[in-house]
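Below, read A as the first sequence line, B as the second, and so on, with proteins coming before strands; counting in each chain starts at 1.
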There are 2 protein chains.
Amino acid sequence: MKDIKDFLRSNSLRPTKQRVLIAEYLFDGENKHVTAEKLSNELNRRRTGISLATVYNTLHDFYERGLLKKLSLGLDRVYFDTNTDHHHHFYSDKEQLLIDINNKLKVSGLPKLPKNKKTNKIEVIVHLDN
Amino acid sequence: MKDIKDFLRSNSLRPTKQRVLIAEYLFDGENKHVTAEKLSNELNRRRTGISLATVYNTLHDFYERGLLKKLSLGLDRVYFDTNTDHHHHFYSDKEQLLIDINNKLKVSGLPKLPKNKKTNKIEVIVHLDN
DNA sequence: TATCAGTTTAGAATGATTCTAAACTATTGA
DNA sequence: TCAATAGTTTAGAATCATTCTAAACTGATA
Ligand SMILES: [Mn+2]
Ligand SMILES: [Mn+2]
Ligand SMILES: [Zn+2]
Ligand SMILES: [Zn+2]
C-alpha cells in the first residue's frame, strides 16, 4: 500500500517489504497488544518468511518512533501496544489477557513526590482473576 | 535468634542457618525491596557464603508463605517486597528507585469488568523521571 | 544417635531478548 | 540508469535472570 509506505517514510523508516507487512498487520485500525513471539507466529501464519530478529528490530524501531508503546506488566515478556494514547489496562497474567481502559481514570490521594523527582506517568493495572 | 527460628518454624520452614541469616536481614523492621542479586550481594558482603541458588529458593519459599510480595515492574528483574500490605509504588526504572505509597490511594472511573472476571487487585505505579 | 524428609548447592538448562557480522536492498546523485 | 552507500535483514551466537537437576548435607524426630 502506498499509504503504508508513506507512513513509514514519514517516520524515517525505509519501507522494506518486511516493515510494510508488519505495519499492515499492526496498524489495520484495531488496537492490538502483541509480543514478539505472537507477532512472529501471525507472520508465519501468513507465510511472510520474516525472521524473528526482524520482528524484534521492527517492533523496536516502531517503538522508538513513537508508533508503539511498550508494556512490561508481568514476567519476562514485553507487550507492544498499538494504542499510543495514555491509557490503562485490565490484565491477567494467567490468561494472557490484556484489555485497554480508555476511560478517564482518576487517581487521588497521592503523597508528595520524592525530592527532585517528577511524575512521568501514572500506570494503573487492574489485575483480574477468574 | 530464637525469635527468628520460631518465626520460620511457625511458617513451616526449617530454621537453617541460611534462612535465619536471610530472614534477619529482610525482617529487621524496615521495609525493603530486594532483587535476588541485591540480596546475594548483601549476603556476600556479610561473608555468609550463601549460594545464589539458595537466595532464589529462600525468596521463593518466603513468597509462598506470604512473607514477601513479588513485584514485576520493569523488565526482567523481580523485586521482593517485605511490605506485604496492599500498597503502591513510586518507581524509576533508570534509577532503580522503588518507594512505597502507603497512603490510601483512590482509583475512580473504572469501566465495568470483562464478563466473568473479578478484580484481584488494583496496582498503581507512579513512574518517576529526573 | 539413626533415619529421613527437607535443604543447600554447583552447574546445566531455559527462554526472552540482544548482539554480531555478513548478505541484501532502498535510495540517490551522477 | 546504476554504482555507491547507508540502512536493513538474517542466522546464529551471546546474554542474563531465573529455574532445574541431582548429589551432598542437615534439622527434626524417635
Ligand atoms: Mn529475560
Ligand atoms: Mn528470563
Ligand atoms: Zn493498551
Ligand atoms: Zn513496596
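The side chain to side chain contact (heavy atoms under 4.5 Å, CB included) test with B:S40 singles out one residue from B:L59, B:I50, B:V55, and that residue is B:V55.
In this structure, the OH atom of B:Y63 is 14 Å from the P atom of D:dT18, given to the nearest Å. Put simply, CG on B:N11 is 16 Å from P on C:dG6, counting in whole angstrom units. Rounded to an integer number of Å, the gap from A:H60 NE2 to C:dC19 C1' is 12 Å. Counting to the nearest Å, the C1' atom of C:dT17 and the CG atom of A:L59 are 12 Å from each other. Separating the CG atom of B:N57 from the P atom of C:dA5 is a distance of 19 Å, rounded to the nearest angstrom. Between the CD atom of B:E64 and the P atom of D:dT19 there is a distance of 11 Å, given to the nearest Å. Look at NZ on A:K38: it is 17 Å from C1' on C:dG15, rounded to the nearest Å. In this structure, the CD atom of B:Q96 is 13 Å from the C1' atom of D:dA17, given to the nearest Å.
The aromatic rings of A:F27 and A:F62 lie tilted to each other, with the angle between the two planes from 30° to 60°.
Residue A:I50 is the one, among B:A53 and A:I50, whose nearest nucleotide of DNA chain D lies closer to the 5' end (criterion: closest heavy atom). When each of B:L52 and B:L13 is assigned the nucleotide of DNA chain C with its nearest heavy atom, B:L13 is the one assigned upstream, toward the 5' end. Heavy-atom nearest nucleotides on DNA chain D were determined for B:A36 and for B:K17, and the one closer to the 5' end corresponds to B:A36.
Counting heavy atoms from C-beta on, the side chains of A:I99 and A:H89 never come closer than 4.5 Å.
Note on A:T54: a side-chain N or O is less than 4.0 Å away from OP1 or OP2 of D:dT10. OP1 and OP2 of D:dG7 both lie 4.0 Å or more from every side-chain N or O belonging to A:R14. For the OP1/OP2 pair of C:dT17 and a distance below 4.0 Å, the side-chain nitrogens and oxygens of A:Y56 include at least one atom meeting the criterion.
Among the atoms of the strands shown, only primed sugar atoms or phosphate atoms (P, OP1, OP2) are found under 4.0 Å from some heavy atom of A:T16.
Closest to the A:S51 side chain, of the nucleotides D:dT10, C:dT9, D:dT19, is D:dT10.
Judged by the 6.0 Å distance and 45° axis criteria, A:K32 is not positioned over the aromatic ring of A:Y79.
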